[in-house]
Every structure is written in C-alpha cells, then in structure tokens.
**Student:** 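Take a look at this one; I'll ask things after.
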Amino acid sequence: MVFQEHQKKITEQISTAIKEEFQQDFPHESMRLETPPDQEMGDLAFPCFPLAKILKLPPPKIAARLADRMASSPEIEKAAAHGGYLNLFYNKSGFIEMTLREIHEKRDAYGNTAIGNGQTILIEYSSPNTNKPLHLGHLRNNTLGMASANLLDAMGYRVIKVNLVNDRGVHICKSMLAYQKWGGGETPESTGTKGDHLAGKYYVLFETKLKENPDLEEEAQALLHKWESGDEETLSLWRRMNEWVYQGFRKTYSRMGTAFDKWYFESDTYRLGKKLVLEGLGKGIFYRREDGAVEIDLTGHGFDKKVLLRPNGTAVYMTQDLGTAKLKYEDYAFSRSLYVVANEQDYHFNVLFKILELLGFEWAKGCVHLSYGMVELPEGKMKSREGTVVDADDLLDELKSLAREAILERRSDFEEGELERRAEEIGQGALKFYLLKVNPRNNIQFNPKEAIAFEGATGPYIQYSHARIQSILRKAGDLSFDSLDLSALGNKEEFSLARQLYNFPMEIQKAAEEYNPARVCEAALQIARELSKFYKERQVLKAESDELRTARLFLIHCVALALKKALTLLGIQAPDRM
RNA sequence: GCGCCUGUGGCUCAGUUGGAUAGAGCAACGGACUUCUAAUCCGUAGGUCGGGGGUUCGAAUCCCUCCAGGCGCGCCA
C-alpha cells in the first residue's frame, strides 16, 4: 500500500533524526504517530514523552532539538516543536498528488488490502426461525453481517456467508398446529400474503388461543414428537409451511441485498451434534448422569455444568451448535468462523467454544462470537408475543415511502421507475446507516424519528454528497485526466479533503479488524463534511483556470470513489442522482 | 445473589487503544439559496466524561470500590 509506505518513510526519518541527535535507537516500527488537534499545528505529531524517560530530558527540549534536526524530505516539508510534541507538516502538493493518483489508479479497490489472502473466514448471520417474519433485530443482524463480510472481503479473505436456519423445534410446531386447526387450507397465494407473514400469523394465533386453552401446549409437544418420529403427514406440512417462509425470507433478503453462500438447517445438523457428543462421551470428556443425560462439568473453567443430551437422548441447542461448528469446518476448513449473534447469547458461545476446544479441535480458537447489542424501542423491549415487534418488511416499506416524499419535495423530474428505485435506495440508506453507525457492542435506542431522518449524520447525507459529485462530473462533460496538473491544488479545503482520503484506508482496516462498520460510517461522514465545506468555498466548474478546474474535477472524482467505497462496504447503494 | 456488557452536553453517538483546548448529529437560537443539488454550510448556547479513591510526567481511556441500566444464570432456541 502506497500510503503505508509513505507513513513508514516518515517514521524512519524521525527514527534517523533521533539517532543522529541523541545517539539513541528508537525503531520506527514501535513509533505511533498521532494527529494534532488543530490542523494549523501540523499534520502528524510525534509525542516525545516516552523518549523523555529514556533520555532523561524534558519533552519540549527533545521536540525542539528534533525539529531542528529533521531534514526536509519529499514527504515532510517542515517540522516544528510544540510543547512535548514534534509536529510535522506534509509536503502539500506532493501529498495531494500521491493520494489522488493512488485512489484513481486503485478505483474500486481503493482501501483494499491483501492481508487475508489465502485465508477463509466463515461468517454466520441472520439465522432466523421459520415460525415468524424478520423483524428489526434481524435487520441489525443482517446489516452487521453483510457489512462485516464486505469489510473482510476487502481485506482479501475468502469470505463464506452462512445462514443457519432454525427450522425445527416446538415453536415451529406451534404455528403448524394452529394452521392445522384454524388455517382452513389458506396459502400465500390464496390470501396474497407473504409466506413468512402467513406462518407468523398462525404463531401469534397459537399464543392467543393458548390463553383460553392451556392444553394446546401439550398438543404442540405431541406434534413435535410426531415430527421427530418421522410422521409423513407432519413432515409434509412442515416442509410446506417452511417453504412458504423461505420464499418470504428470500424476498426480504434480496430486497436488502443480503446474500448467502450457504444455508445450514438445524433439522440436518442436530444429528451431527448428537454423534459428536457420544464420541466425547467415549473419550471421557463428557459423562453420563444417573438419569441418562449426558453432561459436561465446566466448573474448572469458570462455567457451570452443561447438559448436552437429555435423559431421553434428544438434542439441546448446544448439541446442534457443536454439530454445526464441526460441519462448517469440514465444509470450508476456515481459519476463522464468526457468529453474528446478539449479546444475550454471550455465555452460550463462551461455553460452545470451550467445549470445542476440550474436544480437541485445533480450529476452535478461530471461532469468534461477533456479539452485538439489542435494539430497544422507546416503549422498551420488543416482544414477539405481545406484538410490539417492528416488522422488517413494514419498516422497509415505510422508509421507502418517506424517501419518495422527500424526493418529491425536492425535485419532480424523475420518471416513475427512477423515483421508485431512488426511494428504495435512500430509504434503505437511512435505515442501514442508522443501524450501523453505532458500535455493535452497544444497544441501539431505536428512535423512529431519527431512524427515518434524511438529514444530519445519516446515510442519505453520504448518498447526497456522492450524487452531487456525480452531477458535477456529468456537467463537466467528457472527462480526460490525461494531462493533469495537480500542483494547482493546495488550499485549505483541498488539502483537508486529501488528508481525509489518505486516512480512509486505515479506518477500513481497523473496521475490519474490529468487526466494527461504525468506523466506516464515521470516516464517511468526515469525508462528506469536508466535501461540503469545500463546495462552500470553492468552485469546480467555474474554477479560476482550466488547470484548476480539471484538478478539482479529479479531486471530487476521487472523493466520489471514497464515498462509494464506504457505502458499498456498508451494503448501501450509491445513487448517481437524488 | 453470581457472571458479562454499558454509563460522555436536554436526546442519540464519536473519541486515534494512556497524550495537546473532550468532538459530531438532533433539538434550541442567530445567519447564508437569481451562484456546480440548501438532503448543505457558518455562528451562538450547552460537559465536575455516573460518584469516590488510586496508578504517573499525563486518565473519558488502566486498577479498586460504590451507584444506575441492559443481558444472562433451562434438560428453550
């Protein structure tokens, strides 16, 4: 990476200056440069405090002597001491030229690295149940999963996106039972209802009927036994209703741009788990209790005991996950396996990974729980049984319709097709950005007013910045950057923009390392703000000279590449007009 | 009760992994559109970084403690 080499050259220069001035080794690898709080103070700062300890000299003294000693170079124009800091100023024109040319050359690959080349990362996300439609919690999960996958892909990993569907269990049988009793044979086609919503309707119906008739619980259990014993009629209904649900899911996924390379089904994998547990029992890692249950004692590892097979031999949640984990490794030989699952399951995953380790799987150390916080509504927690869930499809519809209104307030020249398309892109841009801009670790306070906002620190603000650039580039006509003279660039706004663009790839890398797309959101906002300031002060199409005009067009073309990169990583469309 | 996570202007969040005067957006107030898209920009006001101890040249960041909130503590998933 050109920018990293540039950074390395600078740390080497500081290292050399220290060596010459103080006869002291201070390897550039261990040197971390900071950004001064005010741009007037410089572009990079080297804190001299750690050095002060070694040299037993006051930091301002060290900074001053280093500032005098620093030779001017193609990278650094001048150095200045400021308190205990050695502040460095980039060679502006060289810096801008290097940054922009690099971006232009890399295009879509700007910000990518090769650090993951040759390694496979598996990422499991979404993982819905087949008894109800997707809700707001799934939307956070989906956007987080997609964005993380995109980030890892940009780092050069081979990324396998996996959906693990919870398609069996008593909760599935509940909607089946309600349908058997009161469904009257209706279908998605006959009712014009999306299949997942139809199944969800019967799940809710079960819960309401249960209040009048507690015996239904037992009937659902009985249906589960029939399912497990392979009763053909039950299986046939199960397959039929699940297929409805998948059709509904596929619609929502495809609308959001959520994609998977592989679907796993717990109705397949729970058997593998059972086998694995019995093997572990043979090896003495687990033990059989008097009542017949198989258990593991993890009290020596800071956990409790955990049942892995019930007395009647049936599998529990942990059993399935053990089986699925192993199957994933057999299928893909991953170096890392990520689980995008809410933080309410933190304990479960700690235990899961510990058991895999105790079973002797080398790859267990590559398993990571990408834990994220809950989405909280103003009224409190979402409860599917109480109907306080925010339905994913409804929310997407609402945002689209609000975006349509917002467009019509601003312009009336879109044809119907483009209006629909842009409304969808902008509505989703708002929602996805809203969900991604918070650190995954934290809970999200879902404030409907802010989630649907198109102004301020929002997705549409980034999209707008991008669209505006495209508009200017269109007006500029045929763009030829063959004879470029970038030396015309160098004022405060242009330089600030270049600095943001220069820093962006490092932010992407950090975001990928931390599985934290919020970093990309923040970086994109900074670039967009810098761009808006630039517009306010400088003209592009009516620049003072042809050279400057071309140079500025080149500059905003590079900014557009950065904004589009950010949006793409976040799974958000970058419209050319809006 | 035990365990994990969180606590930063009225609200929602950042904070370069221990560094300079703690930054954005929303809301409030005051400005800027015959000028490349005002989904924008500029300004004003608003902070004992939950409280208290400590560690050191230096703490929102690390340690201890207390307080508040979230989640978990099924042979549910």
Side-chain angles (χ1 to χ4, degrees), chain A residues 32-38 41 45 47 49-50 52-53 58-59 82-85 87 127 129 166 168-171 266 289 291 293-295 302-304 306-312 314-321 342-348 350 371 373-374 376 381 403 406-407 409-411 426 430 434 437-439 441-447 449-451 453-465 467-476 503 506-507 510 514 518-519 521-522 525-526 528-529 531-533 535-543 552-553 556 577-578:
Chain A
R32 235 172 37 82
L33 296 180
E34 293 164 14
T35 309
D38 183 353
M41 293 163 73
F49 305 95
K53 235 175 211 162
H82 197 285
Y85 291 88
N87 288 343
S127 307
N129 294 352
N166 181 252
R168 65 173 287 274
V170 72
H171 51 296
E266 290 189 352
R289 277 189 338 208
D291 65 1
V294 177
E295 204 175 56
F303 304 108
D304 289 325
K306 184 75 199 172
V307 168
L308 300 173
L309 288 178
R310 297 190 182 96
N312 67 5
T314 56
V316 296
Y317 179 43
M318 186 62 77
T319 324
Q320 294 177 10
D321 267 8
N343 63 13
E344 57 190 350
Q345 295 192 35
D346 284 355
Y347 181 80
H348 170 79
N350 284 334
S371 168
M374 318 250 92
E376 292 169 4
K381 240 197 118 176
I407 293 169
E409 280 170 22
R410 291 166 172 87
R411 60 192 300 166
I426 294 164
Y434 179 79
K437 75 176 172 185
V438 179
N439 189 318
R441 185 181 56 230
N442 297 112
N443 287 1
I444 286 185
Q445 311 295 325
F446 188 79
N447 178 336
K449 277 212 171 59
E450 288 174 15
F454 301 133
E455 295 170 9
T458 64
Y461 173 47
I462 311 291
Q463 293 175 313
Y464 169 77
S465 304
R468 247 185 107 173
I469 294 176
Q470 297 307 329
S471 167
I472 294 173
L473 294 177
R474 275 193 302 273
K475 283 181 182 162
N503 288 331
M506 291 185 260
E507 286 304 312
K510 280 188 209 160
E514 296 171 13
R519 275 190 180 278
C521 295
E522 202 60 43
L525 285 170
Q526 279 182 30
R529 285 190 197 115
L531 178 74
S532 294
K533 287 179 197 171
Y535 280 140
K536 215 69 199 171
E537 301 299 324
R538 314 291 169 181
Q539 293 277 315
V540 177
L541 293 175
K542 293 177 203 155
R552 283 186 178 159
L553 283 168
I556 63 170
R577 311 205 297 166
M578 65 184 272

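Just so you know, these numbers come straight off a predicted model, no measurement behind them. Each chain gets a letter, A, B and so on, in the order the sequences are listed, and its residues count up from 1.
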**Student:** Give one of base, sugar-phosphate or nothing for P311(A), where a contact means two heavy atoms less than 4.0 Å apart.
**Tutor:** base
**Student:** Of all the nucleotides listed (rG70(B), rU16(B), rC76(B)), which has the minimum atom distance to the side chain of R310(A)?
**Tutor:**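 Nearest to the side-chain atoms of R310(A), counting from C-beta on, is rC76(B).
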**Student:** Quick one: the side chain of N442(A) and the base of rA14(B), do they pair up donor-acceptor inside 3.5 Å?
**Tutor:**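 Under the 3.5 Å cut-off, the side chain and the base do not form any donor-acceptor pair.
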**Student:** With heavy atoms under 4.0 Å as the rule, sort P58(A) into base, sugar-phosphate or nothing.
**Tutor:**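 The residue P58(A) makes no contact with any strand.
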**Student:** By side-chain hydrogen bond (donor to acceptor under 3.5 Å, both in side chains), which residues pair with R441(A), not counting sequence neighbours?
**Tutor:**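 side-chain hydrogen bond (donor to acceptor under 3.5 Å, both in side chains) list for R441(A), sorted by chain: empty.
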**Student:** Identify, between E34(A) and S532(A), the residue whose nearest nucleotide on RNA chain B lies closer to the 5' end.
**Tutor:** E34(A)
**Student:** What does N87(A) touch in the nucleic acid at a heavy-atom separation under 4.0 angstrom: a base, only the sugar-phosphate, or nothing?
**Tutor:**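 Base: the residue N87(A), judged by heavy atoms under 4.0 Å, touches a nucleobase.
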**Student:** Look at all strands and tell whether K510(A) reaches a base, only sugar-phosphate, or nothing, counting heavy atoms closer than 4.0 Å.
**Tutor:**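 Sugar-phosphate, no base atom in range.
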**Student:** Tell me the stems RNA chain B sits in, counting at least three consecutive Watson-Crick or G-U wobble pairs, each under 3.5 Å on both distances.
**Tutor:** B:1-7 with B:67-73, B:10-13 with B:23-26, B:28-32 with B:40-44, B:50-54 with B:62-66
**Student:** At under 4.0 Å between heavy atoms, what does A342(A) touch on the DNA or RNA strands: base, sugar-phosphate, or nothing?
**Tutor:** nothing
**Student:** Would you mind calling rG74(B) syn or anti? Take O4'-C1'-N9-C4 for purines or O4'-C1'-N1-C2 for pyrimidines, and syn is within 90° of 0.
**Tutor:** syn
**Student:** Using the salt bridge (charged side-chain N to carboxylate O under 4.0 Å, His left out) criterion, which residues pair with R310(A)? Sequence neighbours excluded.
**Tutor:** none
**Student:** Quick check on rC66(B): syn or anti? Syn means the glycosidic torsion is within 90 degrees of zero.
**Tutor:** anti
**Student:** Can you tell me, in whole Å, how much space there is between the C1' of rG54(B) and that of rG10(B)?
**Tutor:**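 Comparing C1' positions in rG54(B) and rG10(B) gives a spacing of 33 Å.
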**Student:** Compare the minimum distances between each of rA14(B), rG25(B), rU12(B) and the side chain of A457(A), then state the nucleotide with the smallest one.
**Tutor:** rG25(B)
**Student:** Quick check: closest heavy atoms across S371(A) and D346(A), and the distance to 0.1 Å?
**Tutor:**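 Nearest pair, atom of S371(A) first, then D346(A): OG-OD1, 2.8 Å.
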**Student:** Rounded to whole angstrom, note down the C1' distance from rC29(B) over to rU65(B).
**Tutor:**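 Looking at atom C1' only, rC29(B) and rU65(B) are 43 Å apart.
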**Student:** Within this structure, what is the CD-to-C1' distance between Q445(A) and rC26(B), rounded to whole angstrom?
**Tutor:**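 Going from CD in Q445(A) over to C1' in rC26(B) covers 15 Å.
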**Student:** Just how far, in rounded Å, is P of rA24(B) from CD1 of I462(A)?
**Tutor:** 16 Å
**Student:** Nearest of rA20(B), rC5(B), rA77(B) to any side-chain atom of N166(A)?
**Tutor:** rA77(B)
**Student:** Quick one: which of rU6(B), rA20(B), rC71(B) gets closest to the side chain of H82(A)?
**Tutor:**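 My answer, after comparing the listed nucleotides, is rA20(B).
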**Student:** If we take the C1' atom in both rC33(B) and rG15(B), what is their distance in whole Å?
**Tutor:** 35 Å
**Student:** Output yes when R519(A) and E522(A) qualify as a salt bridge under the 4.0 Å nitrogen-oxygen rule, no when they do not.
**Tutor:** no
**Student:** Could you check whether any side-chain N or O of N443(A) sits under 3.5 Å from a backbone N or O of G373(A), counting only pairs where one atom can act as donor and the other as acceptor?
**Tutor:** no
**Student:** Calculate the interatomic distance between L525(A) atom CG and rC13(B) atom P; express it in whole Å.
**Tutor:** 15 Å
**Student:** Under 4.0 Å between any heavy atoms, over every strand shown, what does M41(A) touch: base, sugar-phosphate, or nothing? Just pick one.
**Tutor:** base
**Student:** Atom CZ of R168(A) and atom C1' of rA77(B): how far apart are they, to the nearest Å?
**Tutor:** 10 Å
**Student:** Report the residue (K306(A) or E450(A)) whose heavy-atom-nearest nucleotide on RNA chain B is the more 5′ of the two.
**Tutor:**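 Final value for this comparison: E450(A).
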**Student:** Looking across every strand, which nucleic acid part, if any, lies under 4.0 Å from Q463(A) by heavy atom: base, sugar-phosphate, or nothing?
**Tutor:** nothing
**Student:** Using whole Å, report how far CG of N439(A) lies from P of rG15(B).
**Tutor:**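 One finds 7 Å between P of rG15(B) and CG of N439(A), rounded.
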**Student:** Which nucleotide sits closest to the side chain of E376(A): rG70(B), rA14(B), rC57(B)?
**Tutor:**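 From the listed options, rG70(B) comes nearest.
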**Student:** With respect to the side chain of A45(A), which nucleotide from rC13(B), rA20(B), rA14(B) is positioned closest?
**Tutor:**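 Looking only at heavy atoms from C-beta outward on A45(A), the closest nucleotide is rA20(B).
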**Student:** Round to the nearest Å and state the distance from D38(A) atom CG to rG23(B) atom C1'.
**Tutor:**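 In whole Å, rG23(B) C1' and D38(A) CG are 13 Å from each other.
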**Student:** Residues in ring-ring contact (aromatic ring centres under 6.0 Å, His included) with H82(A), at least two apart?
**Tutor:** none
**Student:** Say you pick atom P in rA68(B) and the same atom in rU8(B); how far apart are they, in whole Å?
**Tutor:**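 Taking atom P in both rA68(B) and rU8(B), they lie 16 Å apart.
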**Student:** Can you list everything that forms a side-chain contact (heavy atoms from CB on, under 4.5 Å) with A315(A)? Sequence neighbours excluded, please.
**Tutor:** Y270(A), K274(A), T319(A)
**Student:** Got a sec, which residues hit ring-ring contact (aromatic ring centres under 6.0 Å, His included) with F454(A), two or more places apart in sequence or on another chain?
**Tutor:** none
**Student:** Reckon Q470(A) touches a base, only the sugar-phosphate, or nothing at all at heavy-atom distances under 4.0 Å?
**Tutor:**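 Contact class for Q470(A): none.
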**Student:** Which part of the nucleic acid, if any, lies within reach of P47(A) when heavy atoms closer than 4.0 Å are counted: base, sugar-phosphate only, or nothing?
**Tutor:** nothing
**Student:** Tell me, please, which residues at least two apart from F446(A) pass ring-ring contact (aromatic ring centres under 6.0 Å, His included).
**Tutor:** Y434(A)
**Student:** Distance between the C1' atoms of rU61(B) and rC49(B), in whole angstroms?
**Tutor:** 10 Å
**Student:** Do any N or O atoms from the side chain of K437(A) and from the backbone of A457(A) form a donor-acceptor pair under 3.5 angstrom?
**Tutor:**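 Yes, the answer is positive, given that a donor and an acceptor are paired below the 3.5 Å cut-off.
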**Student:** Can you name the residues that form a side-chain contact (heavy atoms from CB on, under 4.5 Å) with A476(A), not counting sequence neighbours?
**Tutor:** L479(A), L541(A), R549(A), L553(A)
**Student:** When you compare the protein's N or O atoms with those of nucleotides 33-39 of chain B, which come within less than 3.5 Å of each other, and at what distance?
**Tutor:**
from: rU35(B); atom 1: O2'; to: K542(A); atom 2: NZ; distance (Å): 3.4
from: rC36(B); atom 1: O3'; to: K475(A); atom 2: NZ; distance (Å): 2.9
from: rC36(B); atom 1: O2; to: V540(A); atom 2: N; distance (Å): 3.4
from: rC36(B); atom 1: O2; to: L541(A); atom 2: N; distance (Å): 2.9
from: rC36(B); atom 1: N3; to: V540(A); atom 2: N; distance (Å): 3.0
from: rC36(B); atom 1: N4; to: Y535(A); atom 2: O; distance (Å): 3.0
from: rC36(B); atom 1: N4; to: R538(A); atom 2: O; distance (Å): 2.3
from: rU37(B); atom 1: OP1; to: S471(A); atom 2: OG; distance (Å): 3.0
from: rU37(B); atom 1: OP2; to: K475(A); atom 2: NZ; distance (Å): 2.6
from: rU37(B); atom 1: O2'; to: Y464(A); atom 2: OH; distance (Å): 2.0
from: rU37(B); atom 1: N3; to: M578(A); atom 2: O; distance (Å): 2.8
from: rU37(B); atom 1: O4; to: M578(A); atom 2: N; distance (Å): 3.2
from: rU37(B); atom 1: O4; to: M578(A); atom 2: O; distance (Å): 3.2
from: rA38(B); atom 1: OP2; to: R468(A); atom 2: NH1; distance (Å): 3.1
from: rA38(B); atom 1: OP2; to: R468(A); atom 2: NH2; distance (Å): 2.9
from: rA39(B); atom 1: OP2; to: R410(A); atom 2: NE; distance (Å): 3.0
from: rA39(B); atom 1: O4'; to: R410(A); atom 2: NE; distance (Å): 3.4
from: rA39(B); atom 1: O4'; to: R410(A); atom 2: NH2; distance (Å): 2.9
from: rA39(B); atom 1: N9; to: R410(A); atom 2: NE; distance (Å): 3.3
from: rA39(B); atom 1: N7; to: R410(A); atom 2: NE; distance (Å): 3.2

**Student:** Do Y464(A) and E455(A) have side-chain atoms, one donor and one acceptor, less than 3.5 Å apart?
**Tutor:** no
**Student:** How many whole angstroms separate atom CZ of F303(A) from atom P of rG74(B)?
**Tutor:** 15 Å
**Student:** Just to be sure I understand the rule, does H348(A) reach a base, reach only the sugar-phosphate, or reach nothing, if contact means heavy atoms closer than 4.0 Å?
**Tutor:** nothing
**Student:** Looking for any heavy atom pair under 4.0 Å, which part of the strands does N443(A) touch: base, sugar-phosphate only, or nothing?
**Tutor:** sugar-phosphate
**Student:** What is the separation between atom CZ on F446(A) and atom C1' on rG70(B), rounded to the nearest whole Å?
**Tutor:** 19 Å
